[in-house]
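Side-chain atoms are counted along with the backbone in the values below, which use heavy atoms only and exclude waters and symmetry mates.
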Amino acid sequence: MSPAAPVYDTIGQHYTAHRQPDPRWAALITQKLGKARRVVNVGAGTGSYESQPPSADVLAIEPSSVMVAQRPPRAAPVVRGRASALPMFGGSADAAMAILTVHHWGDWESGLAEMRRVARRRVIVTIDFECHAHFWLLRDYLPHVAAFELGLSPTMAQISAALPITEAHDLPLPADMEDGVLGAPWRRPEAYLDPLVRSNCSPLALADQAATAEGIARRADDLATGAWHRRYADLLERDSYDAGYRLLVSEGD
């Protein structure tokens with residue numbers, strides 16, 4: 001088992017409560033997978049985005065039994081396995097996808113090498129954590145979470161060194177983002193007061209909980225006094241926000 005398995009066996013109990021695919025992200029993932037007919041979804045979790053493209057034959061790889069148990073009945077067939085040792089022959093897929101999972105791979109270099117081994121086209125949704133660290137929640141209330149993320153995640157430069165990146169796309173978060181990623185409620189700060197919302201964002205669930213509780217309490221006070229709305233009034237006028245989410249396409253040997 002990879003380190004991701006026990007982590008999500010613990011924090012993934014109610015994952016589907018707030019983590020559903022956003023149709024705008026799904027459309028772009030579908031576009032970038034192109035005409036692939038055999039797709040492997042690495043670190044597939046509960047199956048978000050793996051129905052893209054709809055006509056593809058998808059195989060899901062996921063180490064956590066808790067996540068597998070939450071997959072819907074019509075989800076793709078799933079094999080328990082690690083990104084660093086995919087149970088597939090070389091070149092057996094047209095495309096490999098990895099959606100917000102690379103930062104959970106204890107051996108991310110081997111995982112990316114495995115994606116390269118099994119498919120010539122790779123579609124990865126990841127996070128530029130150096131940009132993410134400037135997200136207002138992390139910068140002003142939870143800097144320990146930003147430090148935690150930076151300490152365990154590959155940088156964009158490291159990913160680019162491991163794979164030939166042929167396309168890179170920013171994924172700004174719309175104000176009505178449907179997938180409850182950490183940055184999704186960027187314009188709805190009260191959402192972070194909900195423990196279930198926080199539990200479905202792995203960095204908030206895994207970083208030092210005492211420090212997180214203190215930061216959330218300060219943010220609750222700022223909401224109650226109106227300080228948050230005064231400080232971030234410009235956000236309320238925006239339709240989208242760049243919190244560092246990125247889609248990368250890698251093609252070739």
Side-chain angles (χ1 to χ4, degrees), residues 1-5 7-8 19 21-22 25-64 67-68 71-72 74-128 153-171 179 181 202 245-253:
M1 286 301 202
S2 75
V7 165
Y8 272 98
R19 299 303 300 272
D22 185 274
W25 280 21
L28 184 58
I29 291 168
T30 296
Q31 178 188 345
K32 297 308 173 184
L33 286 171
K35 297 180 179 179
R37 289 295 174 262
R38 298 169 300 165
V39 177
V40 57
N41 185 14
V42 183
T46 59
S48 290
Y49 303 104
E50 73 184 20
S51 61
Q52 319 302 325
S55 59
D57 181 11
V58 179
L59 175 65
I61 308 293
E62 170 57 42
S64 169
M67 300 297 272
V68 169
R71 294 171 63 81
R74 295 187 178 182
V78 60
V79 174
R80 297 281 299 281
R82 299 171 296 161
S84 58
L86 296 177
M88 304 173 65
F89 293 114
S92 58
D94 299 316
M97 58 189 283
I99 310 302
L100 293 177
T101 179
V102 173
H103 56 286
H104 291 302
W105 300 349
D107 186 356
W108 58 265
E109 290 175 295
S110 293
L112 295 178
E114 281 289 88
M115 290 183 71
R116 190 171 186 171
R117 180 181 67 83
V118 303
R120 281 186 54 82
R121 187 170 185 85
R122 286 77 58 173
V123 176
I124 298 170
V125 174
T126 188
I127 305 172
D128 179 345
S153 306
T155 65
M156 299 298 285
Q158 287 173 318
I159 294 175
S160 297
L163 290 175
I165 302 301
T166 50
E167 296 181 42
H169 302 269
D170 295 347
L171 293 175
D179 190 341
V181 297
S202 58
Y245 295 88
R246 304 288 184 257
L247 184 147
L248 308 176
V249 178
S250 170
E251 190 154 20
D253 296 329

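Note that the CD1 atom of Ile159 and the CG atom of Leu163 stand 8.0 Å from one another [nearest 0.5 Å]. Separation of atoms CD1 (Ile127) and OG1 (Thr155) is listed at 13.5 Å; rounding is to 0.5 Å. Put simply, CH2 on Trp108 and OG1 on Thr101 are 14.0 Å apart, with the number rounded to the nearest 0.5 Å. To the nearest 0.5 angstrom, Asp22 atom CG is 9.5 Å from Ile29 atom CD1. Here the CG-CD distance, from Leu112 to Glu114, works out to 10.5 Å after rounding to the nearest 0.5 Å. Atom CD1 of Ile165 sits about 8.0 Å away from atom CZ of Arg122, to the nearest 0.5 Å.
Across every non-hydrogen atom of Pro77 and Leu59, the tightest pair is O-CD1, 3.7 Å.
Trp25 is listed as a side-chain neighbour of Leu171, based on a closest heavy-atom distance under 4.5 Å. A heavy-atom distance below 4.5 Å is not found between the side chains of Val123 and Val39. Proximity of Pro164 to Arg116: side-chain heavy atoms (C-beta onward) are separated by under 4.5 Å at one or more points. By the 4.5 Å heavy-atom criterion applied to side chains, Val102 and Trp105 are counted as neighbours. In this structure, Ile124 and Ser250 have side chains that are not in contact, with every pair of non-hydrogen atoms separated by 4.5 Å or more.
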Does the side chain to side chain contact (heavy atoms under 4.5 Å, CB included) test come out yes or no for Leu33 and Arg121, once each step is laid out? CA-CA 8 Å; Leu33 286 171; Arg121 187 170 185 85; 5.8 Å; no
Side chain to side chain contact (heavy atoms under 4.5 Å, CB included) for Val181 and Tyr245? Distances and angles first, verdict last. CA-CA 10 Å; Val181 297; Tyr245 295 88; 3.7 Å; yes
Between side-chain atoms of residues 85-97 and protein atoms elsewhere (two or more places apart, or another chain), which donor-acceptor pairs fall under 3.5 Å?
from, atom 1, to, atom 2, distance (Å)
Ser92, OG, Phe89, O, 2.7
Asp94, OD1, Arg38, NH2, 3.0
Asp94, OD2, Arg37, N, 3.0
Asp94, OD2, Arg38, N, 2.9

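For Asp170, the side chain to side chain donor-acceptor pair (under 3.5 Å) partners at least two apart in sequence or on another chain are Arg246. Asp128 pairs by the salt bridge (Lys or Arg N to Asp or Glu O under 4.0 Å) definition with nothing, not counting sequence neighbours. Not counting sequence neighbours, Ser153 has no partner by the side chain to side chain donor-acceptor pair (under 3.5 Å) test. Residues forming a side chain to side chain contact (heavy atoms under 4.5 Å, CB included) with Pro21 (at least two apart in sequence, or on another chain): Ser48, Tyr49. Remark: Glu167 engages Lys32, His169 in a side chain to side chain donor-acceptor pair (under 3.5 Å) (not counting sequence neighbours).
Under 3.5 Å, the side chains of Ser202 and His104 contain a donor-acceptor pair of N or O atoms.
Using modelled atom types, no side-chain atom of Glu50 and backbone atom of Ala75 make a donor-acceptor pair closer than 3.5 Å. Remark: side-chain polar atoms of Thr46 are not paired, donor with acceptor, to backbone N or O of Arg71 under 3.5 angstrom. Arg120 contributes no side-chain N or O that, together with a main-chain N or O of Glu251, makes up a donor-acceptor pair within less than 3.5 Å. Panel note: side chain Ser84, backbone Asp107; no donor-acceptor pair is recorded below 3.5 Å.
Salt bridge annotation for Glu62-Arg82: absent, with no cationic side-chain nitrogen under 4.0 angstrom from a carboxylate oxygen.
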